[in-house]
Amino acid sequence: MADETAKGYWIGRIEVSDLDEYKKYIAANGPAFAQYNARFLVRGGEYECVEGEARSRNVVIEFPSFADAKACYHSGVYQAAKAFRDPVSTGELIIIEGYLG
């Protein structure tokens, strides 16, 4: 069973086909992330792919809990923002529980 005190994370790897349209997603996702107290740990930046295949955009977003991370994704506010992203990007996104050690 998941420990409710563990943080939650989104790990995303994205390719964007139309950056101008993608910027609408970036502008629209802020309210959802604020509502769920999300914090970007990685948002783009330099990287080195040492195994497997890379995507051009990489992101890690931290949430206070795994439940918050899931709730944010499924919220109407985020889904409305995601509608801007879907037509102009492909990639992978996982929601994962943090490790408490």
Side-chain angles (χ1 to χ4, degrees):
M1 177 150 66
D3 182 341
E4 291 300 317
T5 62
K7 291 185 178 187
Y9 298 88
W10 288 13
I11 301 173
R13 303 170 53 245
I14 306 293
E15 288 295 338
V16 176
S17 60
D18 184 335
L19 187 55
D20 288 333
E21 287 296 309
Y22 189 80
K23 287 178 182 178
K24 293 177 184 176
Y25 163 71
I26 293 170
N29 66 27
F33 294 147
Q35 180 180 349
Y36 289 94
N37 299 307
R39 179 171 76 108
F40 281 87
L41 301 180
V42 174
R43 191 173 197 176
E46 185 177 344
Y47 67 92
E48 176 184 2
C49 180
V50 295
E51 293 187 26
E53 295 181 30
R55 299 258 186 201
S56 62
R57 297 182 67 85
N58 302 286
V59 62
V60 178
I61 305 170
E62 181 182 75
F63 293 82
S65 70
F66 183 54
D68 287 327
K70 292 188 299 182
C72 181
Y73 181 82
H74 294 290
S75 72
V77 176
Y78 181 74
Q79 290 300 309
K82 183 179 175 294
F84 291 114
R85 187 190 80 201
D86 287 344
V88 297
S89 70
T90 57
E92 298 80 33
L93 175 68
I94 65 166
I95 301 172
I96 191 165
E97 182 180 38
Y99 178 65
L100 293 175

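Counting from 1, the numbers follow the sequence of the chain as shown. Remember, predicted model here, so these are calculated numbers, not experimental data.
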Novice: Return the minimal non-hydrogen interatomic distance between Thr5 and Leu100, and the atom names on each side.
Specialist: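 Closest approach of Thr5 to Leu100, heavy atoms only: OG1-CD1, 3.8 Å.
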Novice: Check the side chains of Glu15 and Ser56 for a donor-acceptor pair under 3.5 angstrom, ignoring hydrogens and angles.
Specialist: yes
Novice: In terms of hydrophobic clustering (I, L, V, M, F, W, Y; side-chain heavy atoms under 4.5 Å; direct or indirect links), are Phe66 and Ile94 co-clustered?
Specialist: no
Novice: Strictly by side chain to side chain donor-acceptor pair (under 3.5 Å), give each pair with a member in residues 21-33 just once, sequence neighbours left out.
Specialist: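 Qualifying pairs: Glu21-Lys24, Tyr25-Tyr78.
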Novice: With rounding to the nearest 0.5 angstrom, report the NZ to CD1 distance, Lys7 to Ile61.
Specialist: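 Lys7 atom NZ to Ile61 atom CD1 measures 14.5 Å (nearest 0.5 Å).
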Novice: Quick check: closest heavy atoms across Glu92 and Ile14, and the distance to 0.1 Å?
Specialist: O-CD1, 4.2 Å
Novice: Relative to the ring of Phe40, is the ring of Phe33 parallel (under 30°), tilted (30 to 60°) or perpendicular (over 60°)?
Specialist: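 Perpendicular.
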Novice: Measure the spacing between CD of Gln79 and SG of Cys72 and express it to the nearest 0.5 Å.
Specialist: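 Separation between the atoms: 9.5 Å.
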Novice: Going from OG on Ser89 to CG on Asp18, what distance comes out if it is rounded to the nearest 0.5 angstrom?
Specialist: 10.5 Å
Novice: Between Ser17 and Val88 (side chain of the first, backbone of the second, donor and acceptor by atom type, cut-off under 3.5 Å), is there such a pair?
Specialist: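 Looks like yes, one N/O pair under 3.5 Å.
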Novice: I want to check something: taking the side chain as every heavy atom from C-beta on, are Ile11 and Leu93 in contact at a cut-off of under 4.5 Å?
Specialist: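 A side-chain contact is absent here, since even the closest heavy-atom pair is not under 4.5 Å.
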Novice: Taking a hydrophobic cluster as the set of Ile, Leu, Val, Met, Phe, Trp and Tyr residues connected by side-chain heavy atoms closer than 4.5 Å, whether directly or through intermediates, do Ile95 and Val59 fall within one such cluster?
Specialist: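 Hydrophobic grouping puts Ile95 with Val59.
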Novice: Are any of the side-chain heavy atoms of Tyr73 and Trp10 separated by less than 4.5 Å?
Specialist: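 Tyr73 vs Trp10: side chains touch.
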Novice: Restricting to non-hydrogen atoms, name the atom on Pro31 and the atom on Ala28 that form the minimum distance, rounded to 0.1 Å.
Specialist: CD-O, 3.3 Å
Novice: Leu41 and Tyr9: side-chain contact (heavy atoms from CB on, under 4.5 Å), yes or no, with the steps?
Specialist: CA-CA 10 Å; Leu41 301 180; Tyr9 298 88; 3.8 Å; yes
Novice: Mind checking the SG-CZ spacing from Cys49 to Arg55? Nearest 0.5 Å is all I need.
Specialist: 11.5 Å
Novice: If the threshold is 4.0 Å, N to carboxylate O, is there a salt bridge linking Arg13 and Glu53?
Specialist: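 Salt bridge: no.
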Novice: Could you give all pairs that pass the side chain to side chain donor-acceptor pair (under 3.5 Å) test and reach residues 33-47, with sequence neighbours left out?
Specialist: Arg39-Glu62
